[in-house]
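Read the structure below first, then the notes.
All residue numbers refer to positions in the sequence shown, counting from 1.
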Amino acid sequence: MTTFTPTTPSEVLSTVQWATAEESPLETVGHGSKRGIGRPQQSEHTLDLSKLTGVTLYEPAELVLSAKAGTPLSEIEKLLAENGQQLAFEPMDYGPLLGGTPGRGTIGGVLAANLSGPRRLKAGAARDHILGINAVAGRGEAFKSGGRVVKNVTGYDLSKLMANSWGTLAVFTDVTFKVLPAAETEVTLAVRGLLDDAAAAAMALALGSSAEVSSAAHLPERIAARVAGRALGADAATLLRVEGFGPSVAYRIAALKTLLKNAGPLQEISGEASHALWRDIRDCAPFADGSEKPVWRVSMAPSQAHQMVLTLRMQIGVSAFYDWQGGLVWLRMEEGDPEAGLLRGLIRKHGGGHATLVRAAPAYRAAVPVFEPQAPHLAALSARLKAEFDPKAILNPGRIAQS
């Protein structure tokens, strides 16, 4: 096996051109923090972008940041924090869940996996904040899309097209994101002791109010004890985050307390304790236990999620918690490797959605569709895109679907 470690975009281009000419598959990685997601790779060569680093442009007043694709996300977040700014979509760090080191993800990987966190309800995901990219397509051609300004609507937006492509269409060399001011104040209101159905109702009530809740999650009994250094205790916690200027946050938290006064005991969490809580929810800390028990990431209608989980529990042992008002369900299978069709069938029965296997032993990942199988018309479109950008299928072959 050969590992190529380019330090410049031109070296990335020459490596991909060589692989295309030789029809030799390449696995593309940054620091490998998400290497365990998708079907196991069997490429003979690796394109390691960990040396392609550095912030190339940062204009705080213009809310724009550009960096080479291999730049660690932790470095970018530190730079932004020093200037009172942030990536508003708070991208998840998969490292701890997959048994790796925290803070190893790269800014290119953020777009490739279309990462987001609990604030997705309000801020969206990476694809909603990308402004431009420089990349090398699998056909061995360099291209760029978008630019370095917030208002840029010229031509096709290939930057957004590349989101969630997992390195199968092109290799990013430089990415540009919109950044936003960080909130002055953050307070989380926790409603304690609710069952899943009552929690779903409470979150829906809060999100439908004028309190401008930026994040909503539910941690069932015992799951709550696995976040933020066990600060919550074992009782179930339904969490509502409010952000903004201090007086505004205080007013909105008071309104939520009035709205939910009959829901259950209320607890207010602020400052760093609130930050730590949402960071653990973002990174799926309750299931970051060092095991290979399968973990699934399910996206579906918030009103149906707890019903699907209840039906699933009647058939297999499973632990679960909910983010995005219940629209994102994290599942850990406690009894080995169940048939993926069982879970996906229940999701379809409860209104539809999609499930992604984010952690499992390599043999299991090789045996099941890791990503949600596409409908025939979407699969055909994906195949045409792959043929346009990577006609010889040299980039991460088979990672998303079996080749």
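Atom CZ of Phe245 is surrounded by 12 or fewer heavy atoms from other residues, nucleotides or ligands within 6.0 Å. Heavy atoms from other residues, nucleotides or ligands lying under 6.0 Å from CZ of Arg313 number more than 12.
A distance of 7.5 Å separates NE2 in His354 from CZ in Arg297, rounded to the nearest 0.5 Å.
Here the closest heavy-atom approach between residue Gly326 and residue Ala305 is recorded as O-CB, 3.2 Å. Closest of all the heavy-atom pairs between Leu121 and Gln325 is CD1-N, 4.0 Å. Contact detail for Leu260 and Leu240: the closest heavy-atom pair is CD1-CD1, 3.5 Å. Shortest non-hydrogen contact noted between Ala211 and Arg252 is O-CD, 2.9 Å. Between Asn396 and Glu27, the shortest heavy-atom distance links the atoms OD1-CA, 3.2 Å. Here the closest non-hydrogen pair linking Pro40 and Pro362 is CG-O, 3.5 Å.
Trp166 is listed as a side-chain neighbour of Ile37, based on a closest heavy-atom distance under 4.5 Å. Proximity of Leu312 to Leu342: side-chain heavy atoms (C-beta onward) are separated by under 4.5 Å at one or more points. Using a 4.5 Å heavy-atom threshold, the side chains of Pro9 and Asp174 count as separate. Under the 4.5 Å side-chain criterion, counting only non-hydrogen atoms from C-beta, Leu169 is in contact with Met162. No side-chain heavy atom of Ser165 sits under 4.5 Å from any side-chain heavy atom of Phe389. Taking 4.5 Å as the limit, every side-chain heavy atom of Cys284 sits out of range of all side-chain heavy atoms of Tyr94. Side-chain atoms of Asp128 and Lys178, non-hydrogen and from C-beta on, never get closer than 4.5 Å to each other. You'll find the side chain of Thr168 reaches within 4.5 Å of the side chain of Lys386, heavy atoms only.
In this structure, Asn114 contributes its side chain and Ala163 its backbone to no donor-acceptor pair below 3.5 Å. When atom types are taken as modelled, the side chain of Glu184 and the backbone of Gly246 share a donor-acceptor pair closer than 3.5 angstrom. A donor-acceptor pair under 3.5 Å is absent between the side-chain atoms of Glu141 and the main chain of Ala137, judged by distance alone.
Between Trp296 and Tyr364, the ring-plane angle classifies as perpendicular under the 30° and 60° cut-offs. Ring-plane geometry between Phe89 and Phe177 is classed as tilted, the angle between the planes lying from 30 to 60 degrees on a 0 to 90 degree scale.
We find that Arg119 and Glu243 are joined by a salt bridge, their nearest charged nitrogen and carboxylate oxygen being less than 4.0 Å apart.
Arg104 and Ser33 share no side-chain donor-acceptor pair at under 3.5 Å. No donor-acceptor contact under 3.5 angstrom links the side chains of Trp278 and Asp280, judged on distance only. Residues Thr46 and Asp48 bring no donor and acceptor atom of their side chains to less than 3.5 Å of each other.
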Determine whether Arg279 and Glu77 satisfy the following criterion, salt bridge (Lys or Arg N to Asp or Glu O under 4.0 Å), listing intermediate values before the conclusion.
CA-CA 13 Å; Arg279 187 165 54 244; Glu77 290 179 328; over 6 Å; no
